[in-house]
Amino acid sequence: MERNTLFIVSSAINITTNPLSYTSVRSTFSAEERAKQTLNTIQSIRTAMPESKILLIETGKARNLPYNIEFAVDKYLYLGNERIVRDAVDGPYKGLGEICGLYLADQWIRHFNADYYFKLSGRYYLNENFPINDWTGNGYTGRFGGGNMLTVLYGFPNRLYNNWRHALVQSQPGLLRGEAIESALPRYFEQSIFNLTELGVSGCVSHHGGFVSL
């Protein structure tokens, strides 16, 4: 694993109660609970890979977060005041808001000039099974199957950054039709793709509150 590593953490802590396309319950957790879970996300990165940098992209309704989370990362980027982000995040298609936030963060991501990037969803954390040595610099790495990818956590080297940006753009029409981000995004990933049987990440699913380890 390259030493110059950036974790891109996508986050939406203070969210709307508008229904999603697949459930009327957007989150069973309060903003304070979501903030505490996101702080755990950050702390888990610091424990597993203390030399890595962390960019927190917040797309929720409030810039100021509980527990001073914005001071726990290397860069805090608030995009929740952007109209395009607000419409996407508050809309019925969950993956669309994440895609918009990631795409608009380009200049701040590039600022780190990282050798390797992880995209980790806020509120999920790296557990004791995180396979730190299994993330290859030769292609996208994650948990894939049947054309889908778990977007909670995946990684890619710097050489694929422009392809990743292309995939973010190209996946948007599918997301607007209600397609899941798990299938829309990896369709545009450059091959080869390296599959992990275990990501080493845990957390609580927002809309029903159940705990998962992936």
Less than 4.5 Å apart, side chain to side chain, heavy atoms only: is that true for [X] and [Y]?
| X | Y | result |
| --- | --- | --- |
| Tyr124 | Ser202 | no |
| Met149 | Phe189 | yes |
| Asn127 | Ser213 | yes |
| Glu70 | Val73 | no |
| Phe156 | Phe194 | no |
| Asn113 | Leu6 | no |
| Leu104 | Ile84 | yes |
| Asn81 | Tyr78 | yes |

Between [X] and [Y] (side chain of the first, backbone of the second, donor and acceptor by atom type, cut-off under 3.5 Å), is there such a pair?
| X | Y | value |
| --- | --- | --- |
| Arg143 | Leu199 | no |
| Thr141 | Ile193 | no |
| Arg123 | Cys204 | yes |
| Ser44 | Leu126 | yes |
| Glu33 | Ser30 | yes |

Looking only at non-hydrogen atoms, find the nearest pair between [X] and [Y] and report the distance.
| X | Y | answer |
| --- | --- | --- |
| Ser10 | Glu98 | OG-OE1, 3.3 Å |
| Ile132 | Ala48 | CD1-O, 3.5 Å |
| Arg63 | Tyr76 | O-OH, 2.6 Å |
| Ala72 | Ile42 | O-CG2, 3.5 Å |
| Cys100 | Val85 | CB-CG2, 4.5 Å |
| Leu168 | Ser171 | O-OG, 3.0 Å |

Would you give the length of the straight line joining atom [atom1] of [X] to atom [atom2] of [Y], rounded to the nearest 0.5 angstrom?
| X | Y | atom1 | atom2 | value |
| --- | --- | --- | --- | --- |
| Asn68 | Leu39 | CG | CG | 9.5 Å |
| Asp134 | Thr197 | CG | OG1 | 8.5 Å |
| Ile181 | Gln172 | CD1 | CD | 10.0 Å |
| Ile109 | Leu102 | CD1 | CG | 6.5 Å |
| Thr151 | Leu120 | OG1 | CG | 10.5 Å |
| Tyr125 | Thr38 | OH | OG1 | 13.5 Å |

* Please confirm whether Arg165 makes a cation-pi placement over Tyr103, using NZ or CZ under 6.0 Å from the six-membered ring centre and within 45° of the ring normal. => yes
* Not counting sequence neighbours, list each pair that qualifies as a salt bridge (Lys or Arg N to Asp or Glu O under 4.0 Å) and has a residue in residues 43-60. => Arg3-Glu51, Arg46-Asp74
* Structure fact -> Result for side-chain contact (heavy atoms from CB on, under 4.5 Å) between Trp108 and one of Ile57, Ile8, Leu77 points to Leu77
* Asked: If you draw a 6.0 Å radius around CG in Leu176, do more than 12 non-hydrogen atoms from other residues or ligands fall strictly inside?
  -> yes
* Please say whether more than 12 non-hydrogen atoms of neighbouring residues, nucleotides or ligands are located less than 6.0 Å from NE2 in His111. => no
* Can Val212 be reached from Val152 by stepping across I, L, V, M, F, W or Y side chains whose heavy atoms are under 4.5 Å apart? -> yes
* Asked: When clusters are formed by joining ILVMFWY residues with side-chain heavy atoms under 4.5 Å apart, either directly or through shared neighbours, do Met49 and Leu214 land in the same one?
  -> yes
* **Check against side chain to side chain contact (heavy atoms under 4.5 Å, CB included), Arg34 and Ile15** => CA-CA 10 Å; Arg34 293 173 69 86; Ile15 61 173; 3.8 Å; yes
Can a side-chain donor-acceptor contact be found between [Y] and [X] if the only test is distance below 3.5 angstrom?
| X | Y | value |
| --- | --- | --- |
| Lys119 | Ser121 | yes |
| Ser52 | Thr5 | no |
| Asn163 | Tyr140 | yes |
| Tyr67 | Glu32 | yes |

* Answer yes or no: is there an ion pair linking Glu179 with Arg187, defined by an N-O contact shorter than 4.0 Å? => yes
* Structure fact -> Residues passing the side-chain hydrogen bond (donor to acceptor under 3.5 Å, both in side chains) test with Thr47, sequence neighbours excluded, are none
* To do: Determine, stepwise, if the pair Ile69 / Ile13 fulfils side chain to side chain contact (heavy atoms under 4.5 Å, CB included).
  => CA-CA 11 Å; Ile69 291 176; Ile13 289 176; 4.0 Å; yes
For [X], give me all partners under ring pair (Phe, Tyr, Trp, His ring centres under 6.0 Å), at least two apart in sequence or on another chain.
| X | value |
| --- | --- |
| Tyr161 | Tyr117, Trp164 |
| Phe7 | Phe118 |
| Phe112 | none |

* Test Phe144 against Leu196 for side chain to side chain contact (heavy atoms under 4.5 Å, CB included), laying out the working first. => CA-CA 8 Å; Phe144 300 86; Leu196 298 176; over 6 Å; no
* Structure fact -> For Glu190, the salt bridge (Lys or Arg N to Asp or Glu O under 4.0 Å) test, sequence neighbours excluded, returns Arg159
